[in-house]
*Asks:* 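So that we are looking at the same thing, I have put the structure below in structure tokens.
Start at 1 with the first residue, then count along the sequence.
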Amino acid sequence: MVKKLSMTLLSLLLVMAVDSTRTETLCRNQQCGSSLQQTLKLTRLIHKESVDLNRIYKASQGDLSELFCKISNNNVPDPSISGLDPSERILNIYTHLEAFFPHLKRVFEQQTDLQLPPSPLLTELTIVRHRSSGLAALINCLYQGLFPNLPVPQPAEGPTSLPPPLNVFQQKVYGCVVLKRYKEFLSNVARELRTLKSQVCRKRAQMNVLF
């Protein structure tokens, strides 16, 4: 079982390494519709995996897991997307992804200490984290492709507001809040990308026909 887990993680890392080498090409060559469709497809996949991840997380935390997820935590990013126009909203998606990454990493570190190997939770969390890095790259490409004259998004410097050292109960609460909000954020991203596809890409296609 341990060997199978190691092979799964190795295969995932190899796939992500190959995908990262394609990012620059994707940014140059993809059209609005195809770029958005690919980004939406990956978002839906990660959202589906995040649903499974939340279920696995609750199952691994004991009898009080439902209670953990009802407790709020102000240190975790809000899942809502903001912005007055498409460029601001895509940029907000990107900055939100970057804000969630250190929290996902912290949850992984905490659960590594709490879970016995081999752990389905740690495997699923690793998959979601790595796919999310690929999603951030696609969002970056999408932003550059749609708005080439605007500044390129830059990753945030340093971690966002991570919580101080926590006891085991607080770690379980924190992890559940992070994963729940990330799942909600991904749902919002998918909805936003569908709207962008119907508005921005259709408008651009109409302009190309006219000119």
Side-chain angles (χ1 to χ4, degrees), residues 16 19-20 23 27 35-36 38-54 57 68-112 121-122 124-147 150-166 170-196:
M16 293 305 300
D19 286 346
S20 66
T23 299
C27 289
S35 178
L36 258 170
Q38 183 174 10
T39 308
L40 178 57
K41 183 178 180 180
L42 181 57
T43 302
R44 286 171 172 165
L45 174 61
I46 303 173
H47 177 259
K48 180 180 180 298
E49 292 172 338
S50 74
V51 173
D52 294 336
L53 178 58
N54 274 265
Y57 184 88
F68 298 154
C69 296
K70 294 179 180 179
I71 302 175
S72 62
N73 189 311
N74 294 328
N75 290 314
V76 180
D78 186 90
S80 302
I81 297 169
S82 62
L84 298 177
D85 57 45
S87 65
E88 290 183 0
R89 298 183 75 81
I90 294 176
L91 183 59
N92 189 253
I93 291 173
Y94 181 80
T95 55
H96 259 69
L97 279 167
E98 292 291 334
F100 268 108
F101 287 164
H103 291 277
L104 293 172
K105 180 181 178 182
R106 175 65 63 85
V107 173
F108 181 85
E109 292 170 346
Q110 291 173 346
Q111 291 301 314
T112 299
L121 172 61
L122 295 179
E124 193 68 27
L125 188 51
T126 298
I127 292 171
V128 168
R129 287 179 61 205
H130 281 286
R131 288 202 203 279
S132 296
S133 296
L135 178 60
L138 286 178
I139 293 292
N140 195 333
C141 284
L142 181 63
Y143 182 86
Q144 292 182 56
L146 293 177
F147 312 104
L150 296 180
V152 176
Q154 296 297 324
E157 295 184 2
T160 55
S161 181
L162 291 172
L166 306 173
Q170 291 171 328
Q171 288 180 23
K172 292 184 175 184
V173 171
Y174 170 73
C176 197
V177 174
V178 169
L179 299 182
K180 181 181 178 182
R181 289 195 183 178
Y182 192 58
K183 178 189 68 174
E184 294 170 352
F185 167 68
L186 291 169
S187 178
N188 292 337
V189 172
R191 187 180 305 111
E192 190 67 33
L193 292 175
R194 287 195 298 269
T195 301
L196 285 168

*Asks:* With sequence neighbours left out, write down each residue that passes ring pair (Phe, Tyr, Trp, His ring centres under 6.0 Å) with Y143, or none if nothing qualifies.
*Replies:*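 Partners of Y143 under the ring pair (Phe, Tyr, Trp, His ring centres under 6.0 Å) test: F147.
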*Asks:* Go through the steps to decide whether L166 and V173 satisfy the test side-chain contact (heavy atoms from CB on, under 4.5 Å), and finish with yes or no.
*Replies:* CA-CA 10 Å; L166 306 173; V173 171; over 6 Å; no
*Asks:* For T195, enumerate each residue passing the side chain to side chain donor-acceptor pair (under 3.5 Å) test, keeping only those at least two apart in sequence or located in another chain.
*Replies:*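 Once residues adjacent in sequence are excluded, T195 has no partner under the side chain to side chain donor-acceptor pair (under 3.5 Å) criterion.
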*Asks:* Show every side-chain hydrogen bond (donor to acceptor under 3.5 Å, both in side chains) that has at least one partner inside residues 173-190, sequence neighbours left out.
*Replies:*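 Of all non-adjacent pairs touching residues 173-190, those that pass side-chain hydrogen bond (donor to acceptor under 3.5 Å, both in side chains) are H103-Y174, S132-Y182, N188-R191.
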*Asks:* Between L196 and L36, which heavy-atom pair has the shortest distance, and what is it?
*Replies:*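 Closest heavy-atom pair between L196 and L36: C-CD1, 3.8 Å.
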*Asks:* I'd like to check the side chain to side chain donor-acceptor pair (under 3.5 Å) partners of D78; sequence neighbours left out, ordered by chain and number.
*Replies:*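 Per chain and number, D78 pairs via side chain to side chain donor-acceptor pair (under 3.5 Å) with S80.
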*Asks:* The criterion is side chain to side chain donor-acceptor pair (under 3.5 Å); which residues satisfy it with E192, sequence neighbours excluded?
*Replies:*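 Scan of E192 (side chain to side chain donor-acceptor pair (under 3.5 Å), adjacent residues dropped) gives R89.
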*Asks:* Restricting to non-hydrogen atoms, name the atom on F100 and the atom on V76 that form the minimum distance, rounded to 0.1 Å.
*Replies:*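 That closest heavy-atom pairing would be CE2-CG1, 4.3 Å.
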*Asks:* Kindly write out the residues that satisfy side chain to side chain donor-acceptor pair (under 3.5 Å) with H47, not counting sequence neighbours, or none if the list is empty.
*Replies:*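 If we apply the side chain to side chain donor-acceptor pair (under 3.5 Å) test to H47, skipping adjacent residues, there are no hits.
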*Asks:* Are the side chains of I139 and L91 in contact, using a 4.5 Å heavy-atom criterion?
*Replies:*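 Side-chain contact under 4.5 Å: no.
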*Asks:* Do L162 and N75 make a side-chain contact, defined as non-hydrogen atoms from C-beta onward lying under 4.5 Å apart?
*Replies:*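 Heavy-atom side-chain distance check fails, nothing below 4.5 Å.
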*Asks:* Just jot down the side-chain contact (heavy atoms from CB on, under 4.5 Å) partners of A190, sequence neighbours excluded, or say none.
*Replies:*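 In terms of side-chain contact (heavy atoms from CB on, under 4.5 Å), with neighbours along the sequence ignored, A190 is linked to L40, T43, R194.
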*Asks:* On a heavy-atom basis, which atom in A99 and which in P77 lie closest, and how many Å separate them?
*Replies:*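 Minimum heavy-atom separation between A99 and P77: O-CG, 3.9 Å.
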*Asks:* Should I71 and V177 count as side-chain neighbours, where that means a heavy-atom distance under 4.5 Å?
*Replies:*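 Of all side-chain heavy-atom pairs linking V177 with I71, none is under 4.5 Å.
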*Asks:* With sequence neighbours excluded, what pairs up with D85 under the side-chain contact (heavy atoms from CB on, under 4.5 Å) test?
*Replies:*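 Residues passing side-chain contact (heavy atoms from CB on, under 4.5 Å) with D85: S87, E88.
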*Asks:* Y57 and Q171: which non-hydrogen atoms are nearest, and at how many Å?
*Replies:*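 Between these two residues, the closest heavy atoms are OH-O, 3.6 Å.
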*Asks:* Report the residues that fulfil side-chain contact (heavy atoms from CB on, under 4.5 Å) with K48, sequence neighbours left out, ordered by chain and then residue number.
*Replies:*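 So K48 forms a side-chain contact (heavy atoms from CB on, under 4.5 Å) with D52.
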*Asks:* Could you check whether any side-chain heavy atom of I81 comes within less than 4.5 Å of a side-chain heavy atom of H96, counting everything from C-beta outward?
*Replies:*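 Result no, sub-4.5 Å side-chain heavy-atom pair not found.
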*Asks:* Is any side-chain heavy atom of L193 closer than 4.5 Å to one of L142?
*Replies:*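 Side chain of L142 against side chain of L193, heavy atoms only: contact under 4.5 Å found.
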*Asks:* Check step by step if side-chain contact (heavy atoms from CB on, under 4.5 Å) holds for L186 and L135.
*Replies:* CA-CA 10 Å; L186 291 169; L135 178 60; 4.1 Å; yes
*Asks:* Sequence neighbours left out, what passes side-chain contact (heavy atoms from CB on, under 4.5 Å) with S82? Give chain and number order.
*Replies:*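 Checked S82 against side-chain contact (heavy atoms from CB on, under 4.5 Å); matches are N92.
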*Asks:* CD/Q38 to CG/L42 distance, rounded to the nearest 0.5 angstrom?
*Replies:*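 Q38 atom CD to L42 atom CG measures 8.0 Å (nearest 0.5 Å).
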